Amino acid sequence: MQPVQRKIIHSFILLLGLAWIWVSADRSGASTAGQIPAPQQGFLAPDFELKTPTGETVQLSDLRGQAVLVNLWATWCPPCRAEMPAIEKVYNEYKDEGFVVLAVNMTYQDTPANIAPFTDEYGLTFPILLDETGGTARAYQLNSLPSSYFIDRNGIIREVVIGGPMAEALLRTRVEAILK
Amino acid sequence: MIDLFRTLFAPPRHLILLVLALWLGLTLAEKRTDRHGISKDALNNLVYYSILGYIIGGRVLFALSNIPAFTKSPLSLFSVNVDLFDPLGALVAAGMVGGIYGYRQKLPLWGTLDALTPFFATLAVGLHLAHLAAGTAFGSPTSLPWGIDLWNAARHPSQIYELTASLVILGLLWFPKPKPQPGMLFLTFAALTAGARLFLEAFRGDSTLVFGGLRLAQVAAWVVLAAALIASESLRKRRQDG
C-alpha cells in the first residue's frame, strides 16, 4: 500500500472514531447511577428492613442523608471477626459527622446464640441487624463474607469491598469519601 | 453458563483469572523472545520487576494520597487488602520500573515492546474475564435478545463484547508475518485495542462522562489510536529512509 493511501485510510479511521464518540455520547448523564437498586458501585443500595436482637426495626432507606456502611457478616467467619475492631474504632471516630454502621448478621446461616457474646467480646456499639430469612443476602447477591457496601448520603453505593479483613486506613478513606 | 462462571469466580476469586492470564501471557511471550532480539531471562526479569513496581507503587501512591488515614494506622500500609491501591499510579510505577530496567540492560525499546505484546494481549483477555466474573465494566440496559441479566436489568454483555475483541486481537497478533518490522507488532496491538475500546465503550453502562456526555474512555482510546497510527507511519518512513 502506498504511503498516501495509508494516510487517507488512517485519517478516515480517526474521523470515523470522532464521529462515533459524538454519536455514542451519553447526553442523559450517568447511565446507571441511582436508577436501579443493585449491590454494585454507582447503583441505589437495595433497601431492607431488619430487626435488631432487641426487637427494634431498622430500615436502610430511613437513613437517607447519612453515610452508611452495610457490613454483612457471621460469627463463624474469621475475617469478619478480624475487621470488627477496626469498624468499631472508625465508627466512633466518624459517627458524629453522620456516619452509621449497619452490621447485618447472616442469621439464617449463623447460630443466633453466638451473636450476643460476639458483640460483647468486641464491645460493638453500632446496630447489629438480623437477616433471619436470607432476604438481604439475596438482595445483595452475597457470595463471600464479609461483604461491605459504602453508601453515600443519597443512598448510592460508592464502594463495594468483598472479603476482608478491612484495614483501618481503607475504612477511613472510604468513609471520608461517602461523608462528602 | 455465565451464571456458573460468575459464581465460580465471584470476587475476590476473580483475581485468580488475572493471575492465570499473567502466567499464560508470560509463557506465550517467552516462546517468541528470539524473534525480537531479547532473551527469555531479560523478559522474565523485566516482567517480574514491573509487577513488583506495580504492587509496591500502587500501595505507596495510595498511601501518599491518603496520608492522614495511614498516619492514624501505619500498619495498614502492610495490609493484604487489595482495595488499598491506586491502580493508575501502579501502572505508572510499573512502567517506570520496567523502563529503568530496560534502559540499564540496554534492551531495544521496540523489540522489547514487541516481545511483550503477547503478554499484554493475554492480560487483556484475563482482564475482561475478571470483569465478567465480577460483573464490573457492565453494559448499558438493552432490549436486544442477547442482553444478559446483570444488576437487576437486561444489559449489553459488554464484558463478552470486549472479551471477544481481545481474543480476536490475540489471535491476529499470534500469527503475524515471520519477522515484522520492530515495533509494528506492539503498535498494531495498541491500535486494535484502542479501536475496540473506542467502539465498544458505547455499550458500557458505567462510563465516566466528560464535556456534556462524551465518554472519557473513548476520548482516551482515540488519542491512543491516533498515536499508534502516527508512530507506525513514522516507523515505516524511518525504515524506507534508512
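As the structure is a computational prediction, the values presented were derived from the model and not from experiment. To find a chain, count down the sequence lines: A is the first, B the second, and so on, and within it residues start at 1.
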Give, as side chain, backbone, both or neither, the part of P39(A) having an atom under 4.5 angstrom from any heavy atom of chain B.
both

What residue, out of E176(A), R174(A), K89(A), E93(A), has the most heavy-atom pairs lying under 4.5 Å from chain B?
R174(A)

Best-contacting candidate, S147(A), A25(A), A169(A), S144(A), against chain B by heavy atom pairs under 4.5 angstrom:
A169(A)

Does any backbone or side-chain atom of S79(B) lie under 4.5 Å from a heavy atom of chain A? Answer side chain, backbone, both or neither.
side chain

Identify which part of L18(A) has an atom lying under 4.5 Å from any heavy atom of chain B, answering side chain, backbone, both or neither.
both

Salt bridge between E233(B) and K7(A), side-chain N to carboxylate O under 4.0 Å?
no

So for A153(B), is it side chain, backbone, both, or neither that comes closer than 4.5 Å to the heavy atoms of chain A?
side chain

Distance alone, cut at 3.5 Å: any donor-acceptor contact between the side chains of S24(A) and E201(B)?
no

Strictly distance-based, threshold 3.5 Å: is any side-chain N or O of Q218(B) a donor or acceptor partner for the main-chain N or O of L198(B)?
yes

May I ask you to check whether F99(A) and F150(A) place their ring centers less than 6.0 Å from one another?
no

K51(A) and E132(A) ion-paired at < 4.0 Å:
no

Does L214(B) reach the side chain of L209(B), with side-chain heavy atoms less than 4.5 Å apart?
no

Short question: side chain of N154(A), backbone of I156(A) - any donor-acceptor pair under 3.5 Å?
no

Name the region of S232(B), side chain, backbone, both or neither, that has any atom closer than 4.5 Å to a heavy atom of chain A.
side chain

Would you mind checking which part of D83(B) comes under 4.5 Å of any heavy atom in chain A, side chain (CB onward), backbone (N, CA, C, O), both or neither?
both

Measuring heavy-atom distances to chain A, does F211(B) have an atom under 4.5 Å in its side chain, in its backbone, in both, or in neither?
neither

